[in-house]
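By convention in this document, chain letters (A, B, ...) are assigned in the order of the sequence lines, proteins followed by strands, and residues within each chain are numbered from 1.
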Protein chains: 2
Amino acid sequence: MSISERKTREKQEMKALILNAAKDMFIQEGFEKTSLRKIADKIEYSPTTIYLYYKDKTEIFHELMEIGFSILLNRFSEDMKIVNPIDRLYALGETYITFALENSEYYDLMFITKNAMDKVHTADDWCSGKKTFMCLQNTVEDCIAQNQLKSKDPNTATLAFWAQVHGVVSLYIRDRMKMFPKESIKDIIYASTSSIFEMIKK
Amino acid sequence: MSISERKTREKQEMKALILNAAKDMFIQEGFEKTSLRKIADKIEYSPTTIYLYYKDKTEIFHELMEIGFSILLNRFSEDMKIVNPIDRLYALGETYITFALENSEYYDLMFITKNAMDKVHTADDWCSGKKTFMCLQNTVEDCIAQNQLKSKDPNTATLAFWAQVHGVVSLYIRDRMKMFPKESIKDIIYASTSSIFEMIKK
DNA sequence: TAAATAAAATTAACACTGTTAACTTAATAA
DNA sequence: TTATTAAGTTAACAGTGTTAATTTTATTTA
């Protein structure tokens with residue numbers, strides 16, 4: 001039985017090899033500019049070999065997306081230990097922004113890239129994606145339950161907070177902040193979010 | 001001198017013909033999936049003819065972006081007549097969201113699409129883009145001057161407000177709101193923004 | 001160990017893409 | 001009417017994702 005074990009292990013290693021090469025190129029060049037032939041070149045295999053391990057290009061993409069979400073979920077898990085809901089909410093926001101600025105290409109394909117959600121249907125896909133969202137939603141609900149937020153409706157409050165942090169980092173990542181002083185952009189990003197935070201809490 | 005006049009007019013008409021065909025396809029299919037050959041097919045010209053009127057594919061794209069900004073600027077101009085700064089600010093936010101929901105492909109290429117800003121350098125490009133931003137910035141400054149906002153810093157306040165509306169519509173446009181009840185998404189979008197608005201004003 | 005089978009990887013090919021160069025057709029000027 | 005300029009087309013290049021057929025390699029069976 002050890003031969004089939006090795007086989008599955010080798011299959012896993014090959015998938016990892018492809019994924020790793022793809023990751024580097026996605027991060028540097030983006031999804032569209034990264035071709036399967038370039039990935040194949042990098043790992044010194046023929047382009048079609050990739051199809052023996054991944055159904056198509058988007059499947060590689062989705063696996064990277066899952067990795068991104070598991071990284072973010074990991075960082076969120078630390079914040080979830082904070083007992084006071086409003087402090088927890090603030091920590092989640094800061095973690096979110098820091099993750100986006102440090103892993104902008106991951107963030108890009110998780111929250112911005114077009115058509116990434118096309119084939120996300122089953123509950124199994126998008127799993128850690130939903131979990132990260134639940135961290136935020138539960139925290140907002142806790143805040144409301146403990147009367148720490150001005151808003152009473154969990155849905156609108158969750159979206160408002162998420163939209164705030166997503167808005168600011170996605171404008172930055174997609175290069176729409178040219179009208180702000182370049183040297184202090186990151187400061188402004190954090191400052192604008194924490195100023196909003198001060199206003200939404202009681 | 002009337003022949004050269006006609007020539008320049010015909011050139012303009014041809015550009016408009018291409019742009020119009022491209023617009024429809026961009027709006028329905030997006031930038032990447034719209035090929036020059038398909039555009040050429042639609043207007044019944046050969047693909048290379050397009051190059052006699054536009055430098056490359058991105059130049060068509062940028063002209064569409066300019067059109068989008070001029071539409072938005074037009075709607076903003078109406079709001080700018082409102083004398084009370086805080087009312088004006090609220091109107092701008094609502095106009096922004098409505099524009100984004102009604103013209104999502106325009107919005108997409110104006111504020112989300114990757115690399116769209118690559119060749120935007122000169123002050124002449126991006127002109128109405130900057131003007132729309134100035135509407136928001138000036139209004140925020142007016143609000144602060146009249147002590148109608150809790151925030152004192154124009155930069156962070158402007159970004160915070162913009163990020164709020166951009167965040168919410170871009171999550172919607174790029175299909176990241178599957179966890180919200182589908183039938184009431186648009187309501188939640190407007191509700192979350194106006195709830196934030198109530199909190200940032202004095 | 002040698003032949004048969006299964007798995008892994010490759011080459012060739014298809015139908016696309018944006019873009020350039022060379023050629024043909026139509027319109028203007030001499 | 002001929003020479004010149006402009007407009008439009010065809011052919012071609014280098015690239016893309018993907019499929020089918022083929023070869024190479026590894027494993028199993030006789």
Tell me if the aromatic rings of A:Phe69 and A:Phe111 count as close, with their centers under 6.0 Å from one another. yes
Could you tell me how far apart B:Ile50 (CD1) and C:dT19 (P) are, to the nearest whole angstrom? 10 Å
Work out which heavy atom in B:Arg176 is nearest to a heavy atom in A:Thr113; give both atom names and the distance. NH1-O, 3.0 Å
Is there a side-chain contact between B:Phe180 and A:Asn155 in this structure, where contact means two heavy atoms from C-beta onward sitting under 4.5 Å apart? yes
Euclidean distance, atom CD1 of residue B:Ile43 to atom C1' of D:dA7 [Å, nearest integer]: 13 Å
Side chain of A:Asp56 only, heavy atoms from C-beta on: which candidate in D:dT18, C:dG18, C:dA9 is closest? D:dT18
Donor-acceptor pair between A:Thr49 and A:Ser46 side chains, under 3.5 angstrom: yes
From NZ of B:Lys15 across to C1' of D:dA7 the rounded distance in Å is 16 Å
Below 4.0 Å: OP1/OP2 of C:dA8 and any side-chain N or O of A:Tyr53: no
If you only use heavy atoms from C-beta on, which nucleotide in D:dA7, D:dT10, D:dT18 is closest to the side chain of B:Ser46? D:dT10
Of the candidates C:dG18, C:dA9, C:dA8, the side chain of A:Lys11 sits closest to C:dA8
Walking DNA chain C from its 5' end, the first of B:Leu36 and B:Glu10 to be reached, judged by nearest nucleotide, is B:Leu36
Integer-rounded Å distance: D:dA7 P and B:Gln12 CD: 13 Å
What does A:Tyr54 touch in the nucleic acid at a heavy-atom separation under 4.0 angstrom: a base, only the sugar-phosphate, or nothing? nothing
Under 4.0 angstrom, heavy atoms only, what part of the nucleic acid is B:Tyr45 near: base, sugar-phosphate, or nothing? sugar-phosphate
B:Thr49 near the nucleic acid: base, sugar-phosphate alone, or nothing, with a heavy-atom cut-off under 4.0 Å? base
note: A:Tyr51, atom OH; C:dC14, atom P; distance rounded to Å ~ 17 Å
Distance-only donor-acceptor test (3.5 Å): side chain B:Thr48, base C:dT19: no
Would the base of C:dG18 count as contacting B:Arg37 through its side chain, where contact means a donor and an acceptor less than 3.5 Å apart? yes
Determine whether a donor-acceptor pair (N or O, by modelled atom type, separation under 3.5 Å) exists between the side chain of A:Lys150 and the backbone of A:Met199. yes
Separation of B:Phe61 atom CZ from C:dT17 atom P, in whole Å? 18 Å
From the options C:dA8, C:dG18, D:dG17, select the nucleotide whose nearest atom is closest to the side chain of A:Ser35. D:dG17
From CG of A:Leu52 over to C1' of D:dT18, roughly how many Å is that when rounded to an integer? 13 Å
Could you tell me the separation between the CD atom of A:Glu59 and the P atom of D:dT18, rounded to a whole number of Å? 11 Å
